[in-house]
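Heads up, the thing below is written out as C-alpha cells.
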Number of protein chains: 2
Amino acid sequence: MPDVRTPRPRQAGVARYAEIQRALETAIVSGDWPPGARVPSEQELLKRYHCSRMTVNKALSALAASGLIVRRRRSGSFVAQPSAEKNVLQIHDTEAEIQREGKAYRIALVGRSERKATKRDAARLDVEAGARILALTSIHFADDKPVVVEDRLINLEAVPSAAGVDFTETSPGNWLLKKVPWSEAEHHIRAVNATEEVARHLDIAKGDACLVVERRTRYSGHIITHVTLSYPGSSYQLVARFSPAPV
Amino acid sequence: MPDVRTPRPRQAGVARYAEIQRALETAIVSGDWPPGARVPSEQELLKRYHCSRMTVNKALSALAASGLIVRRRRSGSFVAQPSAEKNVLQIHDTEAEIQREGKAYRIALVGRSERKATKRDAARLDVEAGARILALTSIHFADDKPVVVEDRLINLEAVPSAAGVDFTETSPGNWLLKKVPWSEAEHHIRAVNATEEVARHLDIAKGDACLVVERRTRYSGHIITHVTLSYPGSSYQLVARFSPAPV
DNA sequence: TCGGCAATTATGTATAGACAATTAAACGTC
DNA sequence: GACGTTTAATTGTCTATACATAATTGCCGA
C-alpha cells in the first residue's frame with residue numbers, strides 16, 4: 001500500500017499540530033469558547049485538519065499541559081475554568097476576572113477620539129506621527145465600584161474596522177482579542193501617584209498609589225494597540241506564579 | 001511477525017514517558033546536571049529505557065516546553081540557564097540588572113536578625129510560629145542612588161547554611177539563587193504609598209507611590225524565602241513579555 | 001423502579017517507520 | 001592554513017496502528 005500523505009501545511013514553517021493548537025488557543029482566549037465549553041474531540045479535529053490522531057493529540061495534550069483545557073476520558077475535552085493566579089501571565093481580561101469573583105460587570109466609555117497620531121501617540125504605537133488612530137477611555141466597574149481606568153490607543157492602519165465599532169456596549173479589549181490573534185505582548189508595570197483625573201474616575205484621593213499596567217500588543221511586527229490600565233493600589237494586586245519546572 | 005512489546009512500566013500507573021521525564025527533572029533540579037550540561041540524546045535514552053523514540057521525544061519535548069532544557073538540532077539537548085526571567089518578570093537579579101545599565105552596584109545590609117518566627121513571619125513563610133528564621137533588610141544602590149529596599153525572611157529549617165553567611169558583602173538573593181536554582185516563585189505586585197521608613201531608605205518623600213513586589217520562593221513544597229522589594233515608583237518599572245503559546 | 005452489567009466512546013500511551021531540517025564536524029582543495 | 005563541500009548526528013514532525021483505561025449510556029432482569 002502506497003504511503004499517501006496529506007499535503008504539507010499551507011503556512012510554511014508552521015507545524016500542523018502548532019496550527020491546530022493556535023486555532024484552539026485563539027478560540028479560547030478570545031472567549032468564543034467560554035470556560036466549560038466542549039472542545040472538538042480528536043476525531044472531529046483529525047477530520048477537519050486532515051491529519052492523524054497523534055497530531056491532534058499533541059496539540060490537545062499541550063493545551064492540557066498549559067492548563068487551558070482539561071481532558072476527561074470518555075467525556076471529551078473542555079475549556080478550563082480560569083483560576084485567578086495563572087491569569088496574570090496571560091492577557092488580562094478584566095471582564096472575565098470581575099465575573100469570576102461573582103460581581104456585576106459594567107463598562108463605561110468616557111472618552112472617544114478618532115484622530116491623527118500626536119507625537120506621543122506615535123511613540124506609544126510605534127507608527128508615523130499623523131497616522132490614523134482611535135483613542136478610547138473607559139472605566140470598568142465591579143458592582144458599580146470603579147476598579148480600573150483603561151486608556152487605549154488603537155492603530156487604525158492595522159485594524160481599520162475598529163473605527164466603525166460602537167464601544168459603548170463592547171469592551172474594546174474583548175473586541176480586539178477576537179479580531180486579532182495576538183502574538184506577543186509587552187507589559188510595563190509601574191506605581192504612580194494618582195492624578196486628579198484618574199482619582200476622580202476611580203473615586204480615590206489624588207496622590208493615592210495606583211498600579212499602572214501598560215501593554216503593547218504586537219501582531220506580525222506591528223503594534224496593534226497600546227493600553228494603560230490604572231488600578232487603585234489599595235484594592236488591587238497582580239499575582240504571578242511561575243517556575244522553570246513543570247507546573 | 002509477532003508484535004513484541006517491551007514490558008509495561010514497573011511502576012504501576014506511571015507512564016514510561018513520565019518516568020523518563022521525572023528522572024531527567026530530578027537530575028536537573030537536584031543540580032547533578034548543572035546548567036549547560038548535556039542531556040542524553042534520544043538514541044541514548046531509548047536504549048536505556050527500552051522504548052521507542054517517540055516516547056523519549058515526548059518526555060524531552062515536555063521538558064523543553066517547560067523551559068528546563070533547550071534542544072538544538074544536530075547538537076543535542078542541554079540544561080537551560082535558570083534565568084527565570086524568560087518566563088515573566090525580570091526581577092530576580094537586581095545586581096545583574098543594574099550592571100546591565102552600566103551603573104555601579106552596591107548593596108548595604110541595614111538590618112539582620114536571627115530569631116524565632118513571629119506570627120507574622122510564620123504566615124509569610126508558611127512555617128510553624130517559633131521556627132528559626134533569618135530576617136535581613138538590605139538596600140540596593142545604583143551609582144550610590146538607592147533603587148530598592150529588600151526585606152527578606154529566610155527559612156533556616158530549609159536552608160540552615162544561610163545562618164553562617166556574611167550578607168554584608170553578598171546579595172542574599174544571589175546567594176540563594178545559586179543555592180536553589182530551580183525553584184518556584186509566586187509574586188504579588190502592588191502599589192503602595194511609601195511609609196516613613198521606606199521613604200527614608202529610598203530617599204523619596206513619604207507618600208510617594210512605590211512598586212512593591214512580594215515574592216515567595218518554594219522548593220520541593222517548602223517556602224525557602226519571602227522577600228518584599230520596594231521600588232520607588234518614579235524610577236522603576238517591571239517589564240514582562242510573553243506570547244499566548246505555552247509559557 | 002432500581003441495581004448492575006455490557007457496550008460504546010474518548011482519551012492515554014506506546015510502537016515502528018519515514019522524511020525533513022539543521023548544523024557540527026570531517027574532508028578535500030587550493 | 002583558509003576556504004567551500006560533503007557527511008552524518010540530532011532533533012522535528014508526521015503517519016498508521018494497537019491496545020489500555022476510564023466513564024457514560026443504555027439495556028436487562030429482578
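Note: hydrogens, waters and symmetry copies are ignored here, and every other heavy atom, side chains too, is used. Convention: sequence-line order gives letters A, B, ...; per-chain numbering from 1.
- Remark: P of C:dT15 and NE2 of B:H50 are 11 Å apart, rounded to the nearest angstrom.
- Taking 4.0 angstrom as the limit, B:R53 places none of its side-chain polar atoms (N or O) nearer than this to OP1 or OP2 of C:dC19.
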Listed pairs, N/O of protein and of nucleotides 22-26 of chain D, under 3.5 Å:
{"from": "D:dT24", "atom 1": "O2", "to": "A:R74", "atom 2": "NH1", "distance (Å)": "2.6"}

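- Within the 4.0 Å cut-off from OP1 or OP2 of C:dA14, not a single side-chain nitrogen or oxygen of B:Y17 is found.
- Nearest-nucleotide mapping onto DNA chain D: of A:S52 and B:R38, the residue sitting toward the 5' end is B:R38.
- With B:E214 as the fixed residue, the side chain to side chain donor-acceptor pair (under 3.5 Å) test singles out one of B:H188, B:R124, B:H226, B:H187: B:H226.
- C:dG12 atom C1' lies 16 Å from atom CD of B:E19, rounded to whole Å.
- Side-chain contact between B:V70 and B:S77 is absent, with no heavy-atom pair separated by less than 4.5 Å.
- Proximity of A:K58 to the phosphate of D:dT13: a side-chain N or O atom is located under 4.0 Å from OP1 or OP2.
- D:dG12 atom P lies 15 Å from atom CD of A:Q21, rounded to whole Å.
- Under 4.0 angstrom from either OP1 or OP2 of D:dC14 there lies no side-chain N or O belonging to A:R16.
- Rounding to whole angstrom units, CD1 of residue B:I20 and C1' of C:dA14 are separated by 11 Å.
- Side chain of A:S66 to main chain of A:L63: a donor-acceptor pair is present (N/O by atom type, distance under 3.5 Å, no hydrogens or angles).
- Using a cutoff of 4.0 Å between basic side-chain nitrogens and carboxylate oxygens, A:E157 and A:R132 are not scored as salt-bridged.
- Residues A:S77 and A:M54 each lie close to DNA chain C; by heavy-atom proximity, the contact nearer the 5' end of the strand is made by A:S77.
- Residues satisfying the salt bridge (Lys or Arg N to Asp or Glu O under 4.0 Å) criterion with B:E42, sequence neighbours excluded, are B:R53, B:R71.
- For A:A122, the side chain to side chain contact (heavy atoms under 4.5 Å, CB included) criterion is met by A:A117, A:V127, A:A129, not counting sequence neighbours.
- At whole-Å resolution of the value, CG in B:L45 and C1' in D:dT11 are 13 Å apart.
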